[in-house]
Enquirer: 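Before I ask anything, here is the structure I am working with.
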Amino acid sequence: MPRFAANLSLMYTEAPFLERFALAAADGFEGVEYLFPYEYDPGVLARHLEEHALEQVLFNAPPGDWAAGERGLAALPGRAEEFRAGIRLALDYAAVLQAPRIHVMAGIPQDSDDLDHCRDVYLDNLAWAASEAAQQDVDIMIEPINQHDMPGYFLSLQDEALSVCEALNLPNLKVQFDAYHCQMSEGNVATRLQAGLPRIGHIQIAGVPGRHEPDIGELNYPFLFAAMDALGYIGWVGCEYRPRAETRAGLGWLRQEEARASRTSGSAA
């Protein structure tokens, strides 16, 4: 059975952020992820993790001016110093939170930007970030994000992300495979998951369409969870979805997956 991590930026939003750690733990999650931790002192977050026996699975590096529509800096020309300062801050948080991976967002280039130049900038920035992160045994993650949810985002397709990883060939630069974004962008999720697995360091899920619980829509998640097991994926699966209502009421899919795993384990025994 995959190891599921609650995404506290999208789940349990019926409660204030710092109360969501306890709610996730009470529902059986052993790991958490979220978008950005920087509103909070890392020591405060670490205490909540320790109190509730949770592992910090993932968070994002600073994305630039999020309120103004920026969605990362890594592929944006002329932003290298700001990018590097953000990575240093993220690594400071990772050290306190004992987080093993950081998602680095590529960004949305300007219409006037040359995309070939943006790719060169992207590769240079990722190489620097991966080198810095390697000193703390931290992985740098890149995630293809669909153009419907984030128009103009620099990285949208799985093959593009794999090409970046292959070009740099750094052991701690990995793909964050989001099944929701993959389905929205290109489909064929199971095959793309299998093809990318050697480079995949984290998986995320949500129902398609709507980005709600993974128990409705066009993706067959029980099949995908079984495929992850068959492929030998042992990493985390982040639940990056927006619950249709109260979060706990929508966890039937998780209980069904627990039951499937129990039956599979019992058959193997």
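The figures here come from the full heavy-atom set of this structure, side chains too, leaving out hydrogens, waters and symmetry mates.
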Enquirer: So that I can tick it off, tell me whether Asp229 and Arg260 are bridged by a salt bridge, with the cut-off set at under 4.0 angstrom between side-chain N and carboxylate O.
Expert: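 Answer for the salt bridge query: yes.
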Enquirer: My understanding is that only one of Trp236, Trp253, Tyr241 makes a ring-ring contact (aromatic ring centres under 6.0 Å, His included) with Phe4; could you say which?
Expert: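 By the ring-ring contact (aromatic ring centres under 6.0 Å, His included) criterion, Phe4 pairs with just one of Trp236, Trp253, Tyr241: Trp253.
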Enquirer: Check Ala80 against Asn125 and note the closest heavy-atom contact, atom names and distance.
Expert: CB-OD1, 4.1 Å
Enquirer: Let me confirm one number: the CD-CG distance from Gln135 to Leu91, rounded to the nearest 0.5 Å.
Expert: 8.5 Å
Enquirer: Grab the two heavy atoms, one from Ala167 and one from Leu123, that are nearest each other, plus how far apart they are.
Expert: CB-CD2, 4.5 Å
Enquirer: Between Asp137 and Arg101, is the salt bridge (Lys or Arg N to Asp or Glu O under 4.0 Å) condition met? List the steps.
Expert: CA-CA 9 Å; Asp137 292 323; Arg101 57 191 65 82; over 6 Å; no
Enquirer: Could you tell me if Tyr180 and Asp149 have a donor-acceptor pair between their side chains, going purely by distance under 3.5 Å?
Expert: yes
Enquirer: Taking all heavy atoms of Ala61 and all of Ile102, pick out the closest pair and write down the distance.
Expert: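 Shortest heavy-atom separation between Ala61 and Ile102 comes out as N-CG2, 3.6 Å.
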Enquirer: Under 3.5 Å, side chain of Arg20 to main-chain N/O of Leu8, donor-acceptor pair present?
Expert: yes
Enquirer: Under 4.5 Å between side-chain heavy atoms, hopping through other hydrophobics if needed: is there a path connecting Val189 to Tyr221?
Expert: yes
Enquirer: Supply the atom-to-atom distance Leu155 CG to Asn146 CG, rounded to the nearest 0.5 angstrom.
Expert: 12.0 Å
Enquirer: Taking Glu50 first and then Arg47, would you say they form a salt bridge - that is, a charged N and a carboxylate O separated by under 4.0 Å?
Expert: no
Enquirer: Might you confirm whether atom CD of Glu186 has over 12 heavy atoms from other residues, nucleotides or ligands at distances under 6.0 Å?
Expert: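 Result for CD/Glu186: enclosed.
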Enquirer: Quick check: closest heavy atoms across Cys239 and Asn7, and the distance to 0.1 Å?
Expert: O-CB, 3.2 Å
Enquirer: Any donor-acceptor pair under 3.5 Å linking the side-chain atoms of Thr247 with those of Glu14?
Expert: yes
Enquirer: Do we see a donor-acceptor contact under 3.5 Å between the side chains of Gln204 and Glu33?
Expert: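 A donor-acceptor contact under 3.5 Å links the two side chains.
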Enquirer: Within this structure, what is the CD-CG distance for the pair Gln147 and Leu157, rounded to the nearest 0.5 Å?
Expert: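 Going from CD on Gln147 over to CG on Leu157, the span is 8.5 Å.
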Enquirer: Taking all atoms of both residues into account, what is the closest heavy-atom pair of Leu23 and Arg248, and its distance?
Expert: O-NH2, 4.2 Å
Enquirer: Only one of Ile145, Leu58, Asp139, Ile200 passes side chain to side chain contact (heavy atoms under 4.5 Å, CB included) with Gln176; say which it is.
Expert: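 With Gln176 as partner, Ile145, Leu58, Asp139, Ile200 yield a single side chain to side chain contact (heavy atoms under 4.5 Å, CB included), made by Leu58.
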Enquirer: Assess whether atom CD of Glu166 is packed by more than 12 heavy atoms of other residues, nucleotides or ligands within 6.0 Å.
Expert: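 Correct, the count exceeds 12.
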Enquirer: Which pairs count as side-chain hydrogen bond (donor to acceptor under 3.5 Å, both in side chains) when at least one residue sits in residues 71-88, sequence neighbours excluded?
Expert: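 Listed once each, the pairs are Glu70-Arg79, Arg79-Glu82.
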Enquirer: In Å and rounded to the nearest 0.5 Å, what is the CG to CG distance from Leu126 to Leu168?
Expert: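 Output value for this atom pair is 6.5 Å.
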Enquirer: Taking all atoms of both residues into account, what is the closest heavy-atom pair of Ala134 and Asn172, and its distance?
Expert: N-ND2, 3.4 Å
Enquirer: Per the ring pair (Phe, Tyr, Trp, His ring centres under 6.0 Å) rule, what does the pair list look like for residues 49-96, sequence neighbours excluded?
Expert: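 Passing the test, one end in residues 49-96: Phe36-Trp66, Tyr38-Tyr93.
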Enquirer: Between Tyr12 and Phe17, is the ring centre distance below 6.0 Å?
Expert: no
Enquirer: Any side-chain heavy-atom pair from Phe21 and Phe29 closer than 4.5 angstrom?
Expert: no
Enquirer: First locate atom CG of Leu224, then atom OH of Tyr233, and finally report the distance between them rounded to the nearest 0.5 Å.
Expert: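 Answer rounded to 0.5 Å: 13.0 Å.
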Enquirer: Just how far is it from atom CG of Asp92 to atom CD1 of Ile87, taken to the nearest 0.5 Å?
Expert: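 It is 11.5 Å, given to the nearest 0.5 Å.
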Enquirer: Determine, for Glu30 against Arg3, whether the closest basic-nitrogen to carboxylate-oxygen distance falls under 4.0 angstrom.
Expert: no
Enquirer: Say whether Leu254 and Leu10 are linked into one hydrophobic cluster, either directly or through other cluster members, by side-chain heavy-atom distances under 4.5 angstrom.
Expert: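 Shared cluster, no.
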Enquirer: What I want to check is whether the side chains of Gln56 and Gln98 have a donor and an acceptor closer together than 3.5 Å.
Expert: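 There is no such pair between these side chains.
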Enquirer: Side chain of Asp113, backbone of Gln110: donor and acceptor closer than 3.5 Å?
Expert: yes
Enquirer: Assess the side chains of Arg119 and Ser163: does a donor N or O sit below 3.5 Å from an acceptor N or O?
Expert: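 The answer is yes; a qualifying pair exists.
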Enquirer: Are the charged groups of Arg211 and Glu240 less than 4.0 angstrom apart, N to O?
Expert: yes
